[in-house]
Amino acid sequence: MQPAPPALLELAQRLRQLREQRWPELRLTQGKLADALGGEEHLAAATVSSWESPTTPKLPPQHRLLAYARFFATRRSVDQEPAGLLELEDFSPEELAAYEGLETELVGLRNAARRPTLSEEAAVRRSWHFADTGPATLICAQIPPDQTGPMAKVTDPNYTELLSFADLDSLMELHGHIRAENPGMEVFYKSVSKVAPDELSGHVILIGGIIWNDMTKRLSEMANLPVRQLADPAVESGEIFAAEIGGKERKFLPKWQDSDKSHLTQDVGLLARVPNPLNSSRTLTVCNGIHSRGVYGAVRSLTDARLRDSNERYISANFGSAGPFLILMSVNVIEGITMTPDFNSPDGIIHQWPLGSAR
């Protein structure tokens, strides 16, 4: 058996140290810690034990390490009955600083432990390669006529249909990438108003949010995605994301450089892959965002040549080689340029839903 990487052994030792020595008078067992970290989602004591093994530790998913950081950042985690996770918005400044320190430490050890071997480099997951015959259809919203230019009108002699498509950058980026990954497959793009029923039974890729695309809302509901998109007075320029986490509704908002919200610095992107609810042998993928920046970031996360392989490895490590997943990600905007999210960065993932819970 190949020995565990030193960083993985160090991570396992650190997790055991947190449990046994953070509050030594409590005698925190693996079972009690599993209950606290798992919450409503069952987590077995044997799983915690596998993460702490001194010889053959398993690599914890990143979202579990974020839970460790939340739990051990504040004594209030164990002062309640039963012990459990507190919401970050309820943390004091001192507790938040402790959380950020633990998050950086644990995620850093995890990243060091999962650096791929040469054989792993050759077997990177390819989310946009489909092993079957397809077809694949990308569906975009159509911009309302009163918000398009003259060349988007069919009566104009220079009519260009694509000028009526929303999220055109994302559509072109993804259409070309899927065609390259699947040279023998039919790959179509359609505005939501022109989608035929038969085109919904192949691989379906929804691009953009719900404001001009009821298809995204309808199929997301049919697939039971745990994240909703809704209007909120705090953000007039797009629809925010919301989800129930730990029994409470949590809202995910963009960030702005100025108080009048004229310069967006960070959007929220959503990437989801689940079985197509209209044909379970094919897939439904949602690339969404509060604004177009978030949509483009979600698309680029798995097309950017410099980051897609490491992001694919992150998905494999956290959700399996072909499992369903849903990720909310930070999409930074610097000097007007949308940056590709790095899933392995401590700030890259806002929240994620583990294997099976996004269905």
Side-chain angles (χ1 to χ4, degrees), residues 2 4-11 51 57-69 100 103-131 169-170 173-174 176-178 180-182 205 266-273 283 285-289 293-334 337-355 358:
Q2 189 174 13
L8 183 54
L9 293 173
E10 185 179 351
L11 175 59
W51 296 338
K58 302 293 185 183
L59 185 69
Q62 180 164 308
H63 74 281
R64 294 300 189 191
L65 294 182
L66 300 185
Y68 265 90
E100 291 173 348
E103 176 193 40
T104 299
E105 177 191 2
L106 298 178
V107 172
L109 286 171
R110 184 181 189 278
N111 289 342
R114 62 183 299 275
R115 289 190 181 116
T117 63
L118 291 177
S119 62
E120 290 171 334
E121 287 280 6
V124 173
R125 169 184 172 132
R126 294 160 61 195
S127 291
W128 293 119
H129 172 74
F130 301 108
D169 289 350
S170 296
E173 172 80 15
L174 194 49
H177 191 81
I178 295 177
E181 287 280 346
N182 306 272
I205 300 96
Q266 188 179 92
D267 205 4
V268 180
L270 180 151
L271 178 65
R273 167 66 62 82
T283 60
T285 309
V286 182
C287 300
N288 199 352
R293 302 289 194 169
V295 179
Y296 192 54
V299 167
R300 288 281 289 167
S301 68
L302 296 183
T303 64
D304 188 326
R306 289 159 295 186
L307 284 168
R308 67 189 180 213
D309 286 353
S310 63
N311 285 345
E312 291 279 20
R313 283 191 290 270
Y314 178 92
I315 293 172
S316 295
N318 286 273
F319 304 100
S321 61
F325 64 87
L326 191 152
I327 293 173
L328 283 178
M329 66 194 76
S330 298
V331 180
N332 290 304
V333 181
I334 301 176
I337 299 173
T338 303
M339 309 306 294
T340 302
D342 179 0
F343 294 169
N344 294 287
S345 167
D347 300 323
I349 302 294
I350 299 175
H351 201 82
Q352 64 187 27
W353 279 258
L355 181 64

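Just so we're clear, the structure is a prediction, and the values are computed from it rather than from any experiment.
- Counting all heavy atoms, side chain and backbone alike, Asn311 lies closest to Pro341 at ND2-O, 3.0 Å.
- Leu11 places a side-chain heavy atom less than 4.5 Å from the side chain of Pro60.
- Between the OG1 atom of Thr283 and the CZ atom of Phe130 there is a distance of 4.0 Å, given to the nearest 0.5 Å.
- When each of Asp304, Leu302, Thr303 is checked for a side-chain contact (heavy atoms from CB on, under 4.5 Å) with His177, only Thr303 meets the rule.
- Counting heavy atoms from C-beta outward, Val331 and Val295 have side chains that stay 4.5 Å or more apart.
- We find the CE-CG distance between Met329 and Asp347 to be 14.5 Å, quoted to the nearest 0.5 Å.
- Here the CG-CD distance, from Asn332 to Gln266, works out to 5.0 Å after rounding to the nearest 0.5 Å.
- Using a 4.5 Å cut-off on side-chain heavy atoms (C-beta onward), Thr285 and Leu271 make contact.
- In this structure the side chain of Asn182 reaches within 4.5 angstrom of the side chain of His129, judged on heavy atoms.
- The two residues Gly297 and Thr338 have their closest heavy-atom pair at N-CG2, 4.1 Å.
- Interatomic distance, CG of Asn111 versus CG of Asp342, reported as 8.0 Å (0.5 Å rounding).
- Separating the SG atom in Cys287 from the CZ atom in Arg273 is a distance of 8.5 Å, to the nearest 0.5 Å.
- The structure places CZ of Arg306 at 6.5 Å from OG1 of Thr340, a figure rounded to the nearest 0.5 Å.
- Ser170 and Val299 get closest at one heavy-atom pair: CB-CG2, 3.9 Å.
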Inset, instruction - Kindly indicate, with the supporting measurements, whether the criterion side chain to side chain contact (heavy atoms under 4.5 Å, CB included) is fulfilled by Val268 and Ser330. - result: CA-CA 5 Å; Val268 180; Ser330 298; over 6 Å; no
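- Looking only at side-chain heavy atoms (C-beta outward), Asp267 and Tyr296 stay at 4.5 Å or farther from each other.
- Between Trp51 and Pro61 there is a side-chain heavy-atom pair separated by less than 4.5 Å.
- When side chains are defined from C-beta on, Ser301 does not count as touching Leu307, because their heavy atoms never get closer than 4.5 Å.
- Put simply, the side chain of Asn318 gets close to the backbone of Tyr314: a donor and an acceptor are under 3.5 Å apart.
- Nearest heavy atoms, Glu181 versus Trp128: CB-O, 3.5 Å.
- In plain terms, the two heavy atoms of Asn344 and Ser310 that are nearest each other are ND2-O, 3.2 Å.
- Side-chain atoms of Leu65 and Glu103, non-hydrogen and from C-beta on, never get closer than 4.5 Å to each other.
- Across Phe343 and Gln62, no two heavy atoms sit closer than the pair O-NE2, 3.9 Å.
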